[in-house]
There are 2 protein chains.
Amino acid sequence: MSSEKITDKPEAVRRRSYEDACAAAHALDLVGERWALLVMRELLLGPKRFSDLRAAMPGISANVLTQRLEGLEEAGVLRRRELPPPAAARVYELTEWGYEAEPIFQALGRWAARSPLHDPTLPFSTNSLILSLRTMFSPARAAGLSCLIALRLGYETFTARVADGAISVERAVTAAPDATLEGDARSVAGAIYGGVPLSALEAAGALKASGDRAVLERFFTLFPLPAKAPAPGAPR
Amino acid sequence: MSSEKITDKPEAVRRRSYEDACAAAHALDLVGERWALLVMRELLLGPKRFSDLRAAMPGISANVLTQRLEGLEEAGVLRRRELPPPAAARVYELTEWGYEAEPIFQALGRWAARSPLHDPTLPFSTNSLILSLRTMFSPARAAGLSCLIALRLGYETFTARVADGAISVERAVTAAPDATLEGDARSVAGAIYGGVPLSALEAAGALKASGDRAVLERFFTLFPLPAKAPAPGAPR
DNA sequence: CTGTATCCGTGTTGATACTG
DNA sequence: CAGTATCAACACGGATACAG
């Protein structure tokens with residue numbers, strides 16, 4: 001009687017499900033736990049190792065990261081894979097379906113960009129910046145523009161290709177970019193979203209630019225931010 | 001000394017922020033707590049009272065609901081409003097910006113509809129069903145169709161209007177619908193998503209249909225579900 | 001009737017230290 | 001490097017009591 005601990009909970013309550021047929025609620029059952037979506041964000045541009053993930057998310061602790069990776073693997077969102085020698089490392093990579101979650105991040109990002117409480121001076125991960133470019137890109141602003149920009153962020157290099165009113169940004173090195181930008185994600189974000197003049201960032205040693213500066217300046221204007229929503233106590 | 005409870009936590013850790021400039025991470029700071037998004041879902045079709053919210057989310061407890069409402073109000077996502085007499089009730093309603101969160105639910109819903117683990121036999125809230133119609137509507141399937149359907153779900157009535165390859169579904173009564181469907185959300189979902197024949201649902205007393213049945217049958221085909229993603233242990 | 005506040009058992013989270 | 005172990009703090013959910 002004292003041992004009749006109700007361990008036989010409907011086993012659906014185990015992982016604390018919402019018990020709701022709504023697909024959005026099910027999505028939250030799968031990826032609604034703390035950190036789960038940020039782990040996915042960090043994998044959206046390609047596989048990473050355990051320690052890469054930790055480095056990209058300073059706030060997460062090792063045990064929680066382990067739990068999330070297990071949960072996401074069980075859900076079919078990611079898989080672990082052993083790289084063959086000589087790289088001989090274990091990496092985590094999203095499944096096809098996992099990669100299809102990107103629209104979730106775009107919807108979240110677009111919506112929260114209007115938040116009155118958003119503080120853009122916080123630490124900015126490399127993946128966040130690259131994904132934000134895909135999200136905030138304005139086809140209208142890019143009318144008639146065609147260019148290739150190399151972005152060197154830390155030890156990673158990305159290539160942004162703008163053409164026909166569309167953009168692609170991926171992990172890749174480019175042979176002959178029109179311009180190259182080197183620095184950390186915060187500074188690049190300052191130039192693109194914060195309106196900080198490139199010259200100022202260069203003078204501060206935060207960014208290094210080379211190649212066609214006019215193209216670079218134009219590139220910075222392709223990612224307009226939406227207007228802020230009224231703060232909580234506003235009129236109406 | 002016993003009172004030196006560390007209340008002076010960096011005040012940024014108080015509400016357990018991700019401390020990340022990424023807009024998507026900020027979105028999760030605002031609405032990433034358990035139940036927060038479901039509360040928003042329940043308000044997306046119009047204001048509700050405290051007890052309506054509880055009824056729509058059987059799993060949430062009163063104190064947690066209070067906390068979420070406070071948090072979402074502070075974030076500027078919703079506001080509380082007192083209805084004038086004789087209704088004299090307090091309702092919660094999304095702000096303009098709050099209503100703009102609908103794409104988040106669509107992205108979540110579309111993605112999770114492919115989940116191998118999704119169980120559509122669970123309880124289904126009225127709001128979930130209506131929002132899913134907006135989400136899953138296929139303009140291609142609706143080519144050439146123009147109709148007005150009344151949906152009576154519990155004590156709420158909604159009107160779906162299909163025209164020009166678009167759909168609108170709202171809380172509203174319609175004077176002269178082409179057809180009327182009455183029943184609970186589960187049964188309507190069975191007809192639309194589960195492929196259960198209307199006649200069977202009527203025979204079981206789960207649904208009542210009236211008006212143009214051909215239009216109704218056609219209406220049921222406008223909301224195709226995506227293919228399931230492979231289950232966790234799949235080949236590749 | 002519509003919430004709000006408080007207590008309490010439990011599970012989740014997060015920091016630190018530690019192991020293969 | 002890739003996790004596991006331990007433990008304290010907190011969040012969640014249920015029950016109950018209380019206030020307008």
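In this text, all values refer to a predicted model and were calculated from it rather than measured experimentally. In what follows, every chain begins at residue 1, and chains take the letters A, B, ... in the order their sequences are listed.
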Visitor: Side chain of R68(A), heavy atoms from C-beta onward: which of dG3(C), dG13(D), dT13(C) has the nearest atom to it?
Guide: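 Output: dT13(C).
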
Visitor: Distances for protein N/O vs nucleotides 15-17 of chain D N/O pairs under 3.5 angstrom?
Guide:
none

Visitor: For L65(B) and dA11(D), what is the distance between atoms CG and C1' respectively, to the nearest whole Å?
Guide: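 Distance, rounded to whole Å: 16 Å.
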
Visitor: Counting only heavy atoms and a strict 4.0 angstrom limit, can you tell me which residues of residues 53-61 of chain B come near DNA chain D?
Guide: G59(B), S61(B)

Visitor: Could you give all pairs that pass the ring-ring contact (aromatic ring centres under 6.0 Å, His included) test and reach residues 25-60 of chain A, with sequence neighbours left out?
Guide: H26(A)-H118(B), W35(A)-Y18(B)

Visitor: With sequence neighbours excluded, what pairs up with R90(A) under the side-chain hydrogen bond (donor to acceptor under 3.5 Å, both in side chains) test?
Guide: E82(A)

Visitor: Partners of F223(B) by ring-ring contact (aromatic ring centres under 6.0 Å, His included), sequence neighbours excluded?
Guide: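 Once residues adjacent in sequence are excluded, the partners of F223(B) under the ring-ring contact (aromatic ring centres under 6.0 Å, His included) criterion are F219(B).
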
Visitor: Would you say Y92(B) places a side-chain N or O within less than 4.0 Å of OP1 or OP2 belonging to dT2(C)?
Guide: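 No, Y92(B) has no side-chain N/O under 4.0 Å of OP1/OP2 on dT2(C).
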
Visitor: What nucleotide among dC12(D), dT4(D), dG3(D) has an atom nearest to a side-chain atom of E70(A)?
Guide: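 Nearest listed nucleotide: dT4(D).
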
Visitor: To the nearest Å, give me how far apart CZ (R81(B)) and P (dG3(C)) are.
Guide: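 My rounded result for the distance is 14 Å.
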
Visitor: Would the number of heavy atoms belonging to other residues, nucleotides or ligands and lying under 6.0 Å from NZ of K228(A) be above 12?
Guide: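 Yes, enclosed.
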
Visitor: Measure CD/E33(B) against C1'/dT13(C) and give the value in whole Å, please.
Guide: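 Those two atoms, CD and C1', are 13 Å apart.
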
Visitor: OP1 or OP2 of dT12(C) less than 4.0 angstrom from a side-chain nitrogen or oxygen of R34(B), does that happen here?
Guide: no

Visitor: In chain order, what residues pass the side-chain contact (heavy atoms from CB on, under 4.5 Å) check against D52(A), with sequence neighbours excluded?
Guide: K48(A), R49(A), Y155(A)

Visitor: Select one nucleotide: of dC12(D), dT13(C), dG3(C), the one nearest the side-chain heavy atoms of V64(A).
Guide: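 Taking heavy atoms from C-beta onward, the closest nucleotide is dT13(C).
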
Visitor: Once side-chain hydrogen bond (donor to acceptor under 3.5 Å, both in side chains) is applied, do any residues pair with E100(A), and if so which ones, sequence neighbours excluded?
Guide: R114(B)

Visitor: Within the structure provided, determine whether F158(A) and L129(A) are in side-chain contact (heavy-atom separation under 4.5 Å).
Guide: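 A side-chain contact under 4.5 Å is absent here.
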
Visitor: Which pairs, with at least one residue in residues 75-104 of chain A and sequence neighbours excluded, count as a ring-ring contact (aromatic ring centres under 6.0 Å, His included)?
Guide: W97(A)-W111(B)

Visitor: Whole angstrom is fine here: how far is it from CG in L83(A) over to P in dA2(D)?
Guide: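 That distance rounds to 10 Å.
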
Visitor: Nearest nucleotide by nearest heavy atom, which residue falls closer to the 5' end of DNA chain D, A89(A) or W35(B)?
Guide: A89(A)

Visitor: Holding to side-chain hydrogen bond (donor to acceptor under 3.5 Å, both in side chains), I want the full list of residues that pass it with R134(A), two or more places apart in sequence or in another chain.
Guide: E102(A)

Visitor: Quick check on dG3(C): is either OP1 or OP2 less than 4.0 Å from any side-chain nitrogen or oxygen of T66(B)?
Guide: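 So the side-chain polar atoms of T66(B) never come under 4.0 Å of the phosphate oxygens OP1 or OP2 of dG3(C).
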
Visitor: Does dT13(C) have OP1 or OP2 under 4.0 Å away from a side-chain N or O of R16(A)?
Guide: no

Visitor: Go through the structure and list residues passing side-chain contact (heavy atoms from CB on, under 4.5 Å) with T180(B), not counting sequence neighbours.
Guide: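 side-chain contact (heavy atoms from CB on, under 4.5 Å) check on T180(B) returns A150(B), R152(B), P177(B), S210(B).
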
Visitor: For dT2(C), take OP1 and OP2 only and decide whether either is under 4.0 Å from a side-chain N or O of R90(B).
Guide: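 It does not, given that no N or O in the side chain of R90(B) lies less than 4.0 Å from OP1 or OP2 of dT2(C).
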
Visitor: Find the distance L69(B):CG to dG3(C):P and express it as a whole number of Å.
Guide: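 Rounded to the whole Å, the gap is 9 Å.
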
Visitor: Grab the CD-P distance between E19(A) and dC12(D) for me, whole Å please.
Guide: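 About 18 Å, once rounded to whole Å.
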
Visitor: How bent is the helix from dC1(C)-dG20(D) to dG20(C)-dC1(D), measuring the angle between the end axes built from five pairs each, rounded to 10°?
Guide: 40°

Visitor: Does a donor on one side chain sit under 3.5 Å from an acceptor on the other, for R41(B) and S128(B)?
Guide: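 A donor-acceptor contact under 3.5 Å links the two side chains.
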
Visitor: State which residues pass side-chain hydrogen bond (donor to acceptor under 3.5 Å, both in side chains) with S61(A); sequence neighbours excluded, sorted by chain then number.
Guide: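 Partners of S61(A) under the side-chain hydrogen bond (donor to acceptor under 3.5 Å, both in side chains) test: N63(A).
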
Visitor: Between dG14(C) atom C1' and Q67(A) atom CD, what is the distance in whole Å?
Guide: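 Going from Q67(A) (CD) to dG14(C) (C1'), I get 10 Å.
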
